[in-house]
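Beneath this line is the structure, given in structure tokens, with notes to follow.
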Amino acid sequence: MKLVIVESPAKAKKIAEFLDDSWHVEACRGHIRDLPETELGVEVAQDFRPQYVVLPGKGNLVRRLVRAMRRAEEIYLATDPDREGEAIAWHLLQLAGDLDDKPVHRARFTAITRDAIRSALAYPAPLNADLVAAQSARRVVDRLVGYLVSPLASQALDGRFSAGRVQSAALRLVVEREREIADFQPQTAWTLSVQLATQQAPQSFEARLVQVKGEKRRFSQRQPLDQLAERLATAQFWVGSTRRVMRSQSAPPPFTTASLQQAASATLGLSPERTMTIAQMLYEQGWITYPRTDGVQVATEAQSAARDLIVERYGTDYLPPEPPRYVNRVINAQEAHEAIRPTDVHLLPEHLLPDENAEEDAEEVSDKGDAARLYRLIWRRFVASQMTPALIAHTRAVIYAGKRIGQPFPLAFHARGRIQLWEGHRRLYGETETEENSDALLPQLKDNQLLTRLGHRVDEHISRPPQRYSEASLIAALEQRGIGRPATYAGMVATIQARGYVLREGQQLRPTPDGERLADFLTTHFDRLFASDATALLEAQLDQVAAGKLTRSALLESFWDEFQPRLAQVAQRITESRSSEAKSQPLVLHPIAEPTADEATP
DNA sequence: CAGTGAGCGAGCTTCCGCTTGACTT
């Protein structure tokens with residue numbers, strides 16, 4: 001018997017279908033060992049040795065897996081092909097103990113198709129110890145930061161507070177945004193627009209003043225524009241130049257976890273947490289691929305199925321000559337899984353709509369309704385991602401106004417038009433309407449053509465403060481900076497709310513006073529640790545460990561050399577201010593000076 | 001003699017990341 005171990009039980013079931021009786025497939029359900037929850041669990045002086053323990057509640061599962069590994073003739077560790085998956089495979093081996101000379105392989109695949117599975121099992125590889133070391137370094141850094149800074153923050157702020165590489169960076173974004181809003185000074189700008197028409201075409205168009213006597217101008221008051229507008233009554237208008245540019249707008253890539261959470265929030269009003277609950281259900285029932293992913297790549301089988309469906313349902317005009325290839329732009333992407341897509345495009349969203357005749361209680365119907373809507377969103381986005389680009393013609397005209405053509409007292413206006421020549425993927429997955437309609441159609445214009453002025457308008461534009469984050473847009477901001485992972489996004493935005501650092505009002509997130517105090521404490525004393533690029537810098541080092549160019553010890557030592565003195569300094573400040581001040585006085589902490597550039601560079 | 005400090009032990013917290021059920025509200 002040959003044994004395959006994967007993480008997800010749903011995956012195990014599917015893979016078993018592809019293999020014959022000589023194979024046995026088991027699932028380990030994610031991590032099986034970790035640092036103990038109740039203590040630090042890292043022996044700093046012993047090369048940062050982690051003290052791993054079997055995760056609570058997983059004892060029976062681990063015993064079962066170990067028994068299966070001992071019995072098997074050959075073992076294929078097929079945990080996810082990323083840093084965490086490599087570590088899980090290593091933990092499995094550690095727990096299994098002595099396996100004699102039994103062949104042990106590491107199998108890696110990113111799509112659950114018959115071909116992908118068979119070829120992964122036919123061409124296995126050894127375990128990558130460097131990747132395991134990188135995971136261990138990641139884990140230890142997170143533990144040291146979380147378990148050493150949290151108590152300090154609690155002491156200093158006299159309450160129960162927590163800090164972590166991810167949650168504190170998230171909190172900081174929310175707090176910084178709130179301050180930008182508080183400090184915001186609205187700017188008023190006035191604009192002058194004229195409505196114009198040609199002799200030939202019936203419909204009018206609008207042009208906005210941009211230059212006066214050859215100089216670009218912005219107006220913060222109304223009065224000068226009113227004066228200019230008066231003179232327009234006797235002016236002539238003519239076309240200076242026109243330019244037409246064709247732009248093709250590529251289809252959006254299929255969904256990842258973060259982009260699905262964004263879209264489900266924007267179009268269906270679902271929270272990231274609810275989106276993930278429903279997506280997990282759809283995954284377990286075989287409707288969609290794995291829902292926790294940062295990959296935008298798609299199995300070739302799925303691409304050709306989508307191409308068949310596009311021809312059948314929409315026609316060859318919507319089919320690009322080659323299937324599009326999407327490239328990941330996310331910093332910390334591991335791409336262990338495909339993009340989120342229907343497992344079978346021929347399962348149409350209509351098939352999942354709730355049966356109207358069935359009698360069910362309201363909650364169940366709304367669950368099914370949300371599931372159907374989410375599936376429809378995923379289906380449309382995926383099929384659209386395989387369609388042709390949309391084609392849009394942008395026209396820009398410069399219009400002059402003066403006493404007579406060729407003798408301007410010269411005012412220059414800009415008019416813009418936009419025509420969609422081909423809808424392409426937008427047939428299935430459109431943009432938001434507002435942007436689309438803001439630029440109207442322009443009539444045919446020739447250079448030096450005279451125009452009729454129909455009227456004018458002077459408008460006030462007041463700049464708006466930045467928007468508060470929503471749960472989904474905060475996740476997008478974190479993803480963009482490489483902070484957090486698909487499996488943790490939804491939980492993390494729930495955590496900072498549950499801890500009382502952030503409040504949600506409708507869709508908007510705003511910090512609480514406690515949240516601001518915590519963020520200020522962390523920024524003052526541990527600025528670089530929780531800066532928004534700290535994770536990216538750590539990731540770059542972890543990549544080096546994974547590539548064998550940096551050792552785990554070197555990474556952790558250089559981290560500790562910077563972190564530990566800072567920690568000690570802050571702890572000392574806290575005890576000093578505790579003892580030097582009367583008990584009734586609030587604790588005031590003075591910032592520690594940043595090291596100079598010389599000290600900072602090793 | 002009263003206040004302070006050192007030293008010790010108990011109790012209570014805390015991180016990120018991977019996966020699903022078995023619980024309670």
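The basis for the numbers below is simple: all heavy atoms, side chains too, and nothing from hydrogens, waters or symmetry mates. Naming: A, B, ... by sequence-line order, numbering from 1 per chain.
Contacts between residues 133-148 of chain A and DNA chain B, counted as heavy-atom distances below 4.0 Å, involve A:R138, A:R139, A:D142, A:R143, A:G146, A:Y147. Residues of residues 535-547 of chain A that place a heavy atom closer than 4.0 Å to DNA chain B do not occur. Using a 4.0 Å cut-off on heavy atoms, the residues of residues 476-495 of chain A that approach DNA chain B are A:G484, A:R485, A:A487, A:T488, listed by number.
The CH2-P distance, from A:W90 to B:dC18, rounds to 18 Å in whole Å. Between the NZ atom of A:K58 and the C1' atom of B:dT20 there is a distance of 8 Å, rounded to whole Å. Rounded to whole Å, atom C1' of B:dT20 lies 13 Å from atom CD1 of A:I88. When the C1' atom of B:dG17 is taken as reference, atom OH of A:Y52 falls 12 Å away, rounded to whole Å.
With a 3.5 Å limit on both pairing distances and Watson-Crick or G-U wobble geometry required, DNA chain B contains no stem of 3 or more pairs.
Residue-level contact check: A:T38 touches the bases, meaning some heavy atom is under 4.0 Å from a base atom. Across all strands shown, A:G164 has heavy atoms under 4.0 Å from sugar-phosphate atoms exclusively, and none from any base. Within 4.0 Å (heavy atoms only), A:D80 reaches sugar-phosphate atoms of the nucleic acid but no base atom. When heavy atoms are screened at a 4.0 angstrom cut-off, A:R33 is found touching no nucleic acid atom at all. Residue contacts for A:A163: at a heavy-atom cut-off of 4.0 Å it reaches the sugar-phosphate backbone alone, with no base atom in range.
None of A:E335, A:Q297, A:H337 except one satisfies the side-chain contact (heavy atoms from CB on, under 4.5 Å) rule with A:T110; the exception is A:Q297. Screening A:T113, A:I112, A:V25 for a side-chain contact (heavy atoms from CB on, under 4.5 Å) involving A:F18 leaves a single residue, A:I112.
Under 4.0 angstrom from either OP1 or OP2 of B:dC15 there lies at least one side-chain N or O belonging to A:R499. The side chain of A:R165 places an N or O atom within less than 4.0 Å of a non-bridging phosphate oxygen (OP1 or OP2) of B:dG17. Contact annotation: A:S8 does not reach the phosphate of B:dC18 (side-chain N/O to OP1 or OP2, under 4.0 Å).
Salt bridge A:E26/A:R64: present, at least one basic N to carboxylate O contact under 4.0 Å.
Residues forming a salt bridge (charged side-chain N to carboxylate O under 4.0 Å, His left out) with A:R33 (at least two apart in sequence, or on another chain): none. For A:T551, there are no side chain to side chain donor-acceptor pair (under 3.5 Å) partners at least two apart in sequence or on another chain.
Closest contact between the side chain of A:Y283 and the listed nucleotides B:dT14, B:dT20, B:dC18 involves B:dT20. Of the candidates B:dC18, B:dG21, B:dC15, the closest approach to any side-chain atom of A:R29 belongs to B:dG21.
Mapping A:S162 and A:I32 onto DNA chain B by nearest heavy atom places A:S162 closer to the 5' end of the strand.
If you check the side chains of A:T535 and A:R481, you find no donor sitting under 3.5 Å from an acceptor.
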(Q) Test side chain to side chain donor-acceptor pair (under 3.5 Å) on A:E471 and A:Q497; report intermediate values, then the result. (A) CA-CA 10 Å; A:E471 294 187 326; A:Q497 291 172 68; 2.7 Å; yes
